[in-house]
Amino acid sequence: MDTQKYALGPLLNEGLSAEDRDLFSDARPVPYEPYPVAVVEKFVNWVRANSLWLLAFGTGCGAVELNPLMTARFDAYRMGVQMRPTPRQSSVFIIGGYASVKTLKRIIRSYEQMQGPKFVVCLGICPINGGMYWDSYNTVNKFDEYLPVDLYITGCMPRPEVLMAGVLELKKKIMEGRADGANRYVENFDWYKANQKRVIKDWNMPDYNW
Amino acid sequence: MANPIELLQRFGKNFAISEIHEQKADLTFFKVPKEQAVRLLRELRDDAGYTHLAFLTNIDWIEKGIFTLTYMLHNYDARHSLGMHVDLERDNAEMQSIHGLWAQAATYQRELREMYGIRFPGSPRLDEDFCLEGWDQIPPMRKEFDTAAFSLERFYSREGRGTEDPREHMKGLLYPTHTDEPSSGGQ
Amino acid sequence: MQDWPVRIGYFLINLTIVGLYGMLLSGIVARTLAKVQGRIGIPVYQPFIDLLKNLGKRTAVSHGAMFYLGPVFRLAGGIGTLAFVPVLYGSEMFSNFNSAGDLLLAMYFMFFGQLGMAIGAGESGHPFSAIGVARGLGQMTAYEVPFALAIIAIVVQYGSLSINDIVAAQQGGILNWTLFTNPLAVIAAMIAFLGMTGYSPFDVTMAPNEIPIGPPTEYHSSYLAMMTMNRAVFAGAKLILFMDLFFGGATNLVELVIKTWAIYMVAVVVGAAFPRFRVDQSIRFFLRYPTLIGIAAIGYTQAVLLP
């Protein structure tokens, strides 16, 4: 990969006050390359696909569709899906419906704290084009301008069955090695950051939350 | 427990209560001038049993140039709600704070400050961000604020968005051959 | 006395077997609980997949030196416990490094892992970690009391601090087990065991719904994998220790699997049936009847068994 492209110098962290700036890392995220041996990468992708840990962060009304997923009726555990309460340990971020600007800030923080490889699944119509909130003063309309999305599940609201179909589709994508949202985020880091800062006016966090 | 109309008439000796309107058996609205509002709220709470502030909200009458604050009180013993309307000037709207009567009113007042720009001097944490963070426009719930234009300008819109009239659309889907005109031949 | 390299090689074999068994056990238990709840549940090999996934993560963020050392200490605690517990009685290969006072060492190592974890989790700076650590240490101090009393009772009973001697004394028939010769001590120790496994009602340390998952909140990737491995090894070591002390030990692997599984199921069944205690409730619980039973066990040993 072109290393020159990422040698852009440290992040400025302009949103932080001077004394806080020392407390946060100013390193840029770097993209990740697959394991050099194809078989190993393939095996690891299979492992990743079969151990999807969802971040239990309900970001909108769609979060109510996540809970039945773990109950006896749908039982997503049998597909390797688990809820993890902390972003550090989870690998899948489900954007459950509309994302308001205030939530978007928390979504970005949580997403950046997740450890790669990480995947974003958008649930419902709202992250795609705003849905019924398209003319709201506080709902972002195109979610993929702010974070890279690996899979969309549309509907208002999608039933848990659709969510399960989405999980299977995500598995397929991961196994084929096509779910590389985290790398896209890093490669187009400045573009994503500019978009995020355009809507989040009170940017008071580090530019990348390690 | 006295009839709420009688109650309001009794209070009407000391307060300029107007526009009493019985919405339902358990809900009555009335209007008082701004200067008497807080005094009346205190008497309703302490003397008449309306101890619960259910909510505090605002109506924007942009044509008349006024805001109408609505204080919704509830009496648990009588199972009756009273809605008190208070008119404010729309420009530089300001109202006395009632966080001393109900502590939770401070949150409503914060919200009204953010969404309509109504000031409540003395209310705690009034100027902190509530739902909106880093808002740089006029308060978004005021009617002169054009949310659609703002959304287009700030969040862009994705192409390919269409609208259908739900009635026509579902009719076409469910009854493709049906027409609304009565059929000429009869059934 | 054998050569050290051979004994270390044997110990590594033990460690692998116990680790794999512990992982498998957690898969089986999750599956069992799923059946109780009317679900299909995870595949039994899911813990292995999760472990590999965590090892295969591409990034890992550190919060300082002690953050690294937390899982290391914890794993050292798990391995250390196992190192001094004879896995199979009468087998040279599965006897580990047992010696005269190994019971004390094993008890010490059980404590050591928790303390290391406490320091490491504290370094991560997450408030939920600190809350979880405080709860965990408080609860541990409480359940150590009945456990230590039960250990004292059986040490007095058998007159030895060597686990091997204690197992040897229980050989020759089911009625020679501590379970039947000194039931009070076993009851006290088994209640303490419920606290050690961390299933409900004593899962306030992890408390998935209130303080996300307690101490390991900030741990991820290979750190988390290390802690998962430790959980497996530690669970295995604890089960074997309990089996050795109270249930007559094991002379072959099949007996080992059956007995440890049965002991583990006690905690699982209790966990499936009871809701969670608050931390003050659980401390109060341990310091009340289990402690009294432990004291009674010592008295019983002194008055009835020894004369």
Side-chain angles (χ1 to χ4, degrees), chain A residues 14-17 59-61 95 97-110 122 124-149 152-156 191-205 207, chain B residues 57-60 62 67 90 93 106-118 125-170 172-174:
Chain A
E14 279 167 339
L16 296 170
S17 63
T59 60
C61 47
I95 308 296
Y98 64 86
S100 68
V101 175
K102 190 173 175 177
T103 319
L104 182 67
K105 198 168 153 187
R106 276 81 185 165
I107 291 175
I108 292 166
R109 278 200 98 139
S110 306
C122 278
I125 186 75
C126 290
I128 300 175
N129 66 3
M132 63 190 283
Y133 302 107
W134 67 278
D135 57 353
S136 159
Y137 53 88
N138 208 16
T139 305
V140 298
N141 282 349
K142 295 155 101 175
F143 190 82
D144 52 1
E145 290 205 341
Y146 312 101
L147 283 182
V149 181
Y152 286 110
I153 303 169
T154 188
C156 183
W191 185 74
Y192 279 116
K193 274 295 149 192
N195 283 340
Q196 290 167 4
K197 287 187 178 175
R198 207 171 56 78
V199 294
I200 301 175
K201 292 294 179 187
D202 64 330
W203 188 276
N204 55 1
M205 53 185 188
D207 284 347
Chain B
T57 187
N58 181 39
I59 308 160
D60 186 358
I62 190 169
F67 280 144
R90 214 169 163 284
T107 308
Y108 289 114
Q109 290 169 1
R110 233 173 112 192
E111 189 185 18
L112 289 176
R113 167 79 180 77
E114 183 171 87
M115 291 297 177
Y116 293 97
I118 304 172
R125 303 173 66 195
L126 186 66
D127 290 325
E128 282 178 37
D129 287 335
F130 185 59
C131 277
L132 309 170
E133 290 183 339
W135 187 250
D136 53 358
Q137 311 281 318
I138 58 170
M141 296 290 268
R142 291 179 80 104
K143 279 204 175 146
E144 66 259 37
F145 179 73
D146 188 346
T147 55
F150 172 76
S151 175
L152 277 180
E153 182 259 323
R154 177 69 63 92
F155 304 120
Y156 307 124
S157 193
R158 196 180 293 276
E159 322 235 309
R161 190 188 169 90
T163 22
E164 312 236 23
D165 177 35
R167 185 181 142 94
E168 294 300 317
H169 181 69
M170 288 316 287
L173 277 183
L174 295 176

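In what follows, every chain begins at residue 1, and chains take the letters A, B, ... in the order their sequences are listed.
Between chain A and the options Asp146(B), Leu152(B), Leu132(B), the largest number of non-hydrogen pairs under 4.5 Å is found for Leu132(B). Comparing Asn204(A), Val101(A), Ile128(A), Asn195(A) by heavy-atom pairs within less than 4.5 Å of chain B, the highest count is held by Ile128(A).
You'll find the side chain of Phe155(B) reaches within 4.5 Å of the side chain of Tyr146(A), heavy atoms only.
Between Lys142(A) and Tyr156(B), the closest heavy-atom pair is CD-CB, 4.2 Å. When all heavy atoms of Glu133(B) and Asp202(A) are compared, the pair lying nearest together is CB-OD2, 3.5 Å. When all heavy atoms of Arg198(A) and Glu153(B) are compared, the closest pair comes out as NH1-O, 3.9 Å.
For the pairing with Arg154(B), the side-chain contact (heavy atoms from CB on, under 4.5 Å) check across Asn138(A), Val140(A), Val199(A) returns one residue only, Val199(A).
In this structure, chain B has no heavy atom under 4.5 Å from any part of Ser100(A). Proximity to chain A (any heavy atom under 4.5 Å) is restricted, for Phe150(B), to the side chain, taken from C-beta onward. With a 4.5 angstrom heavy-atom cutoff, Ile200(A) does not touch chain B via any of its atoms.
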*Under the side-chain contact (heavy atoms from CB on, under 4.5 Å) criterion, do Lys201(A) and Gln137(B) qualify, and how do the steps go?*
CA-CA 11 Å; Lys201(A) 292 294 179 187; Gln137(B) 311 281 318; over 6 Å; no
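Checked by atom type and distance alone, the side chain of Thr147(B) never pairs as donor or acceptor with a backbone atom of Ser136(A) at under 3.5 Å. Remark: the backbone N or O of Tyr137(A) is not paired with any side-chain donor or acceptor of Ser151(B) at under 3.5 angstrom.
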